[in-house]
Amino acid sequence: MKKYFLLAIISCCVLSVWAQSVVQRYERFLTTPRSYVAHKLTGPIQIDGVLDEKDWENASWTAPFEDISGKGFATPIYKTAAKILWDDDYMYIGAELEEPDIQAHLTQRDTIIYHDNDFEIFIDPEGDGKDYFEIELNARNVVFDLMLDRPYRVGGEFFTQWNCPGMKSAVHLKGTLNDSKDQDRGWTVEVAIPRQAVSMSFDNPLKAGKCWRIDFSRVEWLKKGGPEENWVWSATGAINMHMPERWGYVYFSDVPHETNFSYPVDQGIYKLMWAMYYAQADQLAKKGSYDLTVSDLHLSADDLALLPKGARLSLDASPSIYNIKVEMPARKVSYLLDSYGFFRTERMK
């Protein structure tokens with residue numbers, strides 16, 4: 001009797017897991033990324049850490065930064081927000097960080113800057129999850145910059161030898177550095193990143209009508225010895241910035257006051273494909289191999305409802321590698337996502 005009772009409990013648990021939407025299961029990682037429309041410069045700006053030029057004044061602030069883990073986690077106690085501009089040669093980033101006690105002790109380039117309170121920039125111009133860039137700055141304007149071929153979760157290698165060529169940066173302090181006896185207001189960051197320094201191909205250059213994946217992070221040590229706070233523009237859902245699929249979208253516009261933004265990929269399909277990716281990662285961790293068919297993933301009706309009418313979902317898999325594809329004949333486009341997290345689109349013939 002006990003044996004059958006135990007089997008019944010196990011069966012109910014399995015059915016409960018299968019009945020749950022895969023998208024719901026990974027909901028924390030699947031919030032819609034934030035977006036921003038960046039406008040083209042109308043005149044020169046000086047990289048001095050002071051965001052006082054007319055173009056900066058006209059540029060919108062991003063939404064205030066949130067906890068990296070997203071919904072349900074505490075609102076950061078200090079405000080952080082950023083602005084983005086561009087011209088034919090540079091992408092410009094300005095940020096304002098509220099801070100009652102400005103601290104920065106690291107002085108050597110390419111040390112691990114987030115051991116200080118810092119501001120971080122992540123850039124994936126292609127939006128494909130590989131060959132992306134990270135730039136960190138502290139309140140002394142000391143820089144740590146690196147390039148990664150792919151995220152750490154799939155064996156990504158980082159290249160600290162990469163020093164963003166031609167980058168200009170400055171910091172402006174609204175207070176005194178390393179003096180806890182007084183009350184500070186914060187610090188501002190201004191960075192000019194050459195488009196050629198972060199362009200890996202000709203497919204998605206810095207120009208009007210293009211979209212890049214970008215995110216910003218602020219590491220804040222509220223007390224000595226930690227733990228550190230991680231506040232970001234677009235939450236990843238985990239204490240991990242190296243999830244480029246979760247970063248925000250920046251659209252480059254040369255139309256004054258334009259605010260309209262359309263995601264370059266269907267967010268329903270994108271959400272479903274990444275839910276499948278996270279499910280496969282869990283399967284590999286638990287079983288040592290990937291699921292081989294779509295049916296093995298037990299997608300629910302709610303999951304499949306994210307596919308547009310006429311879309312075709314397929315999974316080409318072996319125990320150690322896989323490719324997810326969604327074909328949309330009506331739109332003449334296919335989305336592809338592989339086990340390394342490489343996401344891309346292809347035109348259908």
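Nothing fancy with the numbering, it's 1 onward along the sequence.
The aromatic ring centres of W162 and F133 sit less than 6.0 Å apart. A distance of 6.0 Å or more separates the ring centres of Y251 and W212. Under the 6.0 Å cut-off for aromatic ring centres, F343 and Y335 qualify, their centroids lying closer than that.
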> Hey, mind stepping through D67 and T75 against side chain to side chain contact (heavy atoms under 4.5 Å, CB included) and telling me if it holds?
Replying inline: CA-CA 6 Å; D67 189 276; T75 300; over 6 Å; no
> After noting the C-alpha distance and the side-chain angles of N141 and S169, does the key distance pass the side chain to side chain donor-acceptor pair (under 3.5 Å) rule?
Replying inline: CA-CA 7 Å; N141 193 32; S169 66; 2.8 Å; yes
> Given S253 and F261, is the side chain to side chain contact (heavy atoms under 4.5 Å, CB included) satisfied, shown in steps?
Replying inline: CA-CA 10 Å; S253 173; F261 172 83; over 6 Å; no
> What do the steps show when you test D116 against R140 for salt bridge (charged side-chain N to carboxylate O under 4.0 Å, His left out), and what is the final call?
Replying inline: CA-CA 10 Å; D116 275 342; R140 290 179 179 269; 5.9 Å; no
> Can you list the steps and then say if Y132 with W247 is a ring pair (Phe, Tyr, Trp, His ring centres under 6.0 Å)?
Replying inline: CA-CA 12 Å; Y132 62 87; W247 298 349; 5.2 Å; yes
>> Could you go through F122 and F216, starting from their C-alpha distance and side-chain angles, then the distance that decides it, and tell me whether this counts as ring pair (Phe, Tyr, Trp, His ring centres under 6.0 Å)?
In response: CA-CA 6 Å; F122 295 81; F216 305 118; 9.1 Å; no
> Which is it for F119 and I93 under the side chain to side chain contact (heavy atoms under 4.5 Å, CB included) test, yes or no, and what are the steps along the way?
Replying inline: CA-CA 11 Å; F119 178 74; I93 294 167; 4.3 Å; yes
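With contacts defined as side-chain heavy-atom distances shorter than 4.5 Å, the pair M276/L313 qualifies. Residues L292 and P319 meet the side-chain proximity criterion, which asks for heavy atoms closer than 4.5 Å. Annotation: side chain of R185 is not in contact with side chain of P100 (no heavy-atom distance under 4.5 Å). Using a 4.5 Å cut-off on side-chain heavy atoms (C-beta onward), K130 and Y340 make no contact. With a 4.5 Å cut-off on side-chain heavy atoms, I113 and L106 count as touching. Side-chain atoms of K271 and L30, non-hydrogen and from C-beta on, do get closer than 4.5 Å to each other.
Within 6.0 Å of CZ in R109 there are more than 12 heavy atoms belonging to other residues, nucleotides or ligands. Environment of NZ in K286: sparse, with no more than 12 heavy atoms of neighbouring residues, nucleotides or ligands closer than 6.0 Å. The neighbour count for Q108 CD, taken as heavy atoms of other residues, nucleotides or ligands under 6.0 Å away, does not exceed 12. The number of heavy atoms from other shown groups lying within 6.0 Å of CD (E228) is above 12. Taking a 6.0 Å sphere around OH of Y263, one finds it holds more than 12 heavy atoms contributed by other residues, nucleotides or ligands. Counting non-hydrogen atoms of other residues, nucleotides and ligands closer than 6.0 Å to CD1 of I239 gives a total of 12 or fewer. Around CD of E258, the count of heavy atoms belonging to other residues, nucleotides or ligands within 6.0 Å exceeds 12.
The distance from atom CH2 of W274 to atom CD1 of I324, rounded to the nearest 0.5 Å, is 8.5 Å. Note that OH of Y114 is 14.0 Å distant from CG of N138, once rounded to the nearest 0.5 Å. Here the CG atom belonging to D118 is positioned 12.5 Å from the CD1 atom belonging to I135, to the nearest 0.5 angstrom. In this structure, CG in D184 is found 4.0 Å from CD1 in I102, a value given to the nearest 0.5 Å. Going from atom CZ of F29 over to atom OG1 of T31 covers 10.5 Å, rounded to the nearest 0.5 Å. Within the model, atoms CD1 of I68 and CE of M241 stand 5.5 Å from one another, a figure rounded to the nearest 0.5 Å.
Electrostatic pairing of K40 and D55 does not count as a salt bridge here, judged by no charged N lying under 4.0 Å from a carboxylate O.
Counting only N and O atoms by type, the side chains of D215 and S234 include no donor and acceptor under 3.5 Å apart. Side-chain contact, Y249 with R213: a donor N or O sits under 3.5 Å from an acceptor N or O. With hydrogens and angles left out, the side-chain atoms of W221 and Q103 include no donor and acceptor closer than 3.5 Å. Remark: the Y278 side chain and the Q283 side chain contain no N/O donor-acceptor pair separated by less than 3.5 Å. Looking only at atom types and distance, the side chain of Y92 has a donor-acceptor partner in the side chain of D87 under 3.5 Å away. Side chains of Q280 and D282: no donor on one and acceptor on the other come within 3.5 Å. Side-chain atoms of S21 and D303 form a donor-acceptor pair, as typed in the model, at a separation below 3.5 Å.
Without hydrogens or angle criteria, Y36 side chain to I84 main chain gives a donor-acceptor distance under 3.5 Å. Proximity of a side-chain donor or acceptor of R195 to a complementary backbone N or O of S199 within less than 3.5 Å is not detected. Judged purely by atom type and a 3.5 angstrom limit, R34 has no side-chain atom pairing as donor or acceptor with the backbone of G248.
Applying side-chain hydrogen bond (donor to acceptor under 3.5 Å, both in side chains) to E96 and the options H172, K79, K83, K174 leaves one that passes, K174.
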